[in-house]
Amino acid sequence: MPTFRAPRGTRDLLPEDAARFLDFARVARDLTDRYGYRPIETPVFEQAAVFERGIGEVTDVVEKELFRIAPRTDEAEAWALRPEPTAGIARAYVQHGMKTWPQPVRLTTIGPMFRYDRPQAGRYRQFWQFDVEAIGDPGPAIDAEIIELGTRFYAEAGVAGVEVLVNSIGDAACRPRYLQALGRYYAGVGEALPAAERERLGRNALRLLDSKDPAMVPINAAAPRITDHLCDACSEHFAAVRAHLEALGVPHRVEASLVRGLDYYTRTAFEFYVAGRSGQQQALGGGGRYDGLIELMGGQPTPGIGFGLGLDRVALVLDEQGSEASGAGARAVDAARRPDAVVVSADPADTVGRLQVATQLRASGLAARADLGARKLGRQMEAAARDGAHFAVILGVEQADGQVQLRDLKAGTQRLVALADLGREVGRAVKQHRHGDAG
RNA sequence: GUGGCCUUAGCUCAACCGGCAGAGCAGCGGAUUGUGGUUCCGCAGGUUAUGGGUUCGACCCCCAUAGGCCACCCCA
């Protein structure tokens with residue numbers, strides 16, 4: 001019906017949601033500061049080849065979800081909006097010679113990602129991720145640090161019931177052998193293998209492992225497990241990652257069917273998952289080790305590990321979980337946004353006076369808003385009360401004596417205050433009130 | 001990309017079997033002219049998602065498109 005609306009799969013974050021996303025960013029910033037991860041901002045678009053090469057040509061993300069930008073001229077590069085942040089950060093690592101920095105380079109970013117997907121609740125074409133990467137350390141201790149950091153974020157954001165699923169998907173030494181074994185196994189299943197699955201077999205046998213087809217349950221139960229086919233190095237690495245998680249007290253579960261959709265992952269793969277949700281978007285975030293990615297970006301062989309957390313899904317789960325809890329949280333945030341004072345005037349035409357007094361209050365560090373409407377005093381008071389303002393500063397004939405009425409809207413009391421003392425008076429009352437609240 | 005369900009005011013929803021599109025909330029204004037979140041009254045807000053079709057007559061039936069949702073594919 002409206003002439004224009006937000007593109008399919010995108011949405012406007014109205015003040016309530018936008019403020020919440022900024023709160024997430026604040027939590028993320030505080031957290032990563034404490035862990036020593038430094039912020040990085042890379043472009044939201046890159047040469048398409050960065051993603052095609054990094055993520056893998058035959059992945060869903062590249063094959064059907066990449067937001068490509070039509071070239072303007074014949075010479076123009078093929079650009080694409082980033083579907084995930086890691087490839088771009090890896091590119092930046094190589095471009096800026098970060099190999100000369102103290103290793104590992106700990107980086108974090110937060111921002112919008114883009115995938116041309118079919119939208120659903122919790123799945124958007126533009127979505128927000130909190131991302132953390134550690135490049136230059138082969139692990140396994142850093143793997144545990146990263147995973148623990150992820151769980152900490154959920155805890156501090158107020159999400160309950162997040163489970164950590166971990167797996168190892170091997171490396172260049174052992175994964176090919178495993179894939180052969182897996183391929184042979186599925187081929188041997190013959191007619192019992194559903195047609196759709198048989199088709200996927202030729203493309204990526206790993207994908208059959210997490211099939212949701214009921215017919216696949218018994219078949220997968222007997223399938224060879226990657227963890228039984230790891231080379232010694234990968235096996236030891238995986239065991240050490242789990243030992244570190246145990247030592248850090250991070251509950252986790254080995255999930256043999258956990259494979260990830262991007263080609264660059266090696267060894268450690270993990271997902272943050274919340275069970276018991278309606279809807280299928282149960283993965284709140286995930287990541288893994290990518291020991292070959294920097295090389296794909298043109299750098300020297302360099303290990304790395306990281307994760308991306310979907311903030312849209314964090315918001316969704318927060319809404320579903322104790323709506324009371326998040327509601328109270330939202331109200332608490334709102335309370336912090338309430339103006340200390342609203343300046344109203346008996347003279348609806350006097351916008352200058354209201355602006356001047358509000359400006360004076362703000363200069364004193366107070367949250368003050370002028371009611372600039374041409375409404376009569378009663379309406380202005382009504383609006384101030386509805387906004388939850390602590391005080392109303394009422395401008396009237398007393399201005400001639402350099403005074404204003406200072407009305408405490410919570411207490412219902414009112415007194416004359418000299419304009420010159422206004423900031424101090426309001427400031428003191430507000431401070432006292434806050435102390436009272438805290439105690 | 002595949003299959004299914006849905007779409008009425010800014011929001012949440014009504015409207016009998018196909019017979020004059022309504023309410024609550026939110027917004028704005030008024031209630032004898034300088035004081036409140038309650039109350040009362042009023043105003044505004046709609047081409048019933050869009051475009052076709054059937055019918056004397058369509059919010060209601062049919063088709064298409066768009067968007068949302070659900071299940072897949074896949075993932076955050």
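Not measured: the values here are computed from a predicted model. Each chain gets a letter, A, B and so on, in the order its sequence line appears, and its residues count up from 1.
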>> Which nucleotide, if any, forms a Watson-Crick or G-U wobble pair with B:C17, using both distances under 3.5 Å?
In response: none

> Roughly, in whole Å, what's the span from CG in A:Leu66 to P in B:C73?
Replying inline: 22 Å

>> Using a heavy-atom cut-off of 4.0 Å across all strands, would you classify A:Gly9 as base, sugar-phosphate, or nothing?
In response: sugar-phosphate

> Looking only at atom P, what distance separates B:C6 and B:C63, rounded to whole Å?
Replying inline: 12 Å

>> Expressed as a whole number of angstroms, how long is the span from A:Asp319:CG to B:C69:P?
In response: 14 Å

> Regarding A:Thr86 and A:Glu133, is there a side-chain donor-to-acceptor distance under 3.5 Å anywhere?
Replying inline: yes

> Hey, is A:Glu163 close enough to A:Arg253 for a salt bridge, meaning N to O under 4.0 Å?
Replying inline: yes

I'd like a table of atom pairs between the protein and nucleotides 3-8 of chain B - only N or O on both sides, under 3.5 Å - with the distance next to each one.
unit_1: B:G3; atom_1: O6; unit_2: A:Arg118; atom_2: NH2; d: 3.0

>> For the aromatic rings, using the six-membered ring if either is Trp, is the centroid distance between A:Phe130 and A:Phe24 under 6.0 Å?
In response: no

> What distance, rounded to whole Å, do you find between the two P atoms, one in B:G19 and one in B:C62?
Replying inline: 16 Å

> Within less than 4.0 Å of OP1 or OP2 of B:A71, is there a side-chain N or O belonging to A:Gln120?
Replying inline: yes

>> Centre-to-centre under 6.0 Å for A:Tyr116 and A:Phe114, is that the case here?
In response: no

> Roughly, in whole Å, what's the span from CG in A:Asp117 to P in B:G68?
Replying inline: 12 Å

> Is A:Arg152 atom CZ crowded by more than 12 heavy atoms from other residues, nucleotides or ligands, each under 6.0 Å away?
Replying inline: no

> Watson-Crick or G-U wobble partner for B:C61, using a 3.5 Å limit on both distances?
Replying inline: B:G53

> Which letter, B, S or -, goes with each nucleotide of nucleotides 29-37 of chain B from 5' to 3', with contact meaning a protein heavy atom under 4.0 Å?
Replying inline: BBS--BBBB

> Should B:U39 form a Watson-Crick or G-U wobble pair with both distances under 3.5 Å, which nucleotide is its partner?
Replying inline: B:A31

>> When you measure from the side chain of A:Asn167 to the backbone of A:Ala256, do you find a donor-acceptor pair of N or O atoms at a distance under 3.5 Å?
In response: yes

> More than 12 foreign heavy atoms under 6.0 Å from CZ of A:Arg38: is that the case here?
Replying inline: no

> What interatomic distance, in whole Å, is found between P of B:U39 and the corresponding atom of B:A21?
Replying inline: 32 Å

> Can you check the A:Leu14 CG to B:C11 P distance for me, whole Å?
Replying inline: 11 Å

>> I'd like to know if the side chain of A:Arg175 and the backbone of A:Ile169 have a donor-acceptor N/O pair within less than 3.5 Å.
In response: yes

>> Among A:Arg26, A:Arg34, A:Arg29, exactly one meets salt bridge (charged side-chain N to carboxylate O under 4.0 Å, His left out) together with A:Glu156. Which residue is that?
In response: A:Arg34

> For B:A71, what is the paired nucleotide under Watson-Crick or G-U wobble rules, both distances under 3.5 Å?
Replying inline: B:U2

>> Could you tell me how far B:C60 sits from B:C20 if I compare only their C1' atoms? Round to whole Å.
In response: 15 Å

> Taking atom P of B:C69 as reference, at what distance in whole Å does atom CG of A:Asp312 sit?
Replying inline: 12 Å

> Quick check: are there more than 12 heavy atoms from other residues, nucleotides or ligands sitting under 6.0 Å from CZ of A:Arg53?
Replying inline: no

> Which value, in whole Å, describes the distance between the P atoms of nucleotides B:A26 and B:G37?
Replying inline: 12 Å

>> Let's test this: given Watson-Crick or G-U wobble pairing with both distances under 3.5 Å, identify the partner of B:A23.
In response: B:U12

> When rounded to the nearest Å, what value does the distance between P atoms of B:A15 and B:U54 take?
Replying inline: 28 Å

> Mapping A:Arg8 and A:Tyr116 onto RNA chain B by nearest heavy atom, which one lands closer to the 5' end?
Replying inline: A:Tyr116

> Using atom P of each nucleotide, how far apart are B:U48 and B:G22 to the nearest Å?
Replying inline: 13 Å

> To the nearest Å, how far apart are A:Arg5 CZ and B:G68 P?
Replying inline: 8 Å

>> Given the structure, check if the side chain of A:Lys64 and the base of B:C73 hold any donor-acceptor pair shorter than 3.5 Å.
In response: yes

> Any Lys/Arg nitrogen of A:Asp117 or A:Arg115 sitting under 4.0 Å from an Asp/Glu carboxylate oxygen of the other?
Replying inline: no

> Given the P atoms of B:G51 and B:A9, what is the spacing between them in whole Å?
Replying inline: 15 Å

> Rounded to the nearest Å, what distance is computed from the CZ atom of residue A:Phe4 to the P atom of nucleotide B:U50?
Replying inline: 17 Å

>> Which nucleotide, if any, forms a Watson-Crick or G-U wobble pair with B:U47, using both distances under 3.5 Å?
In response: none

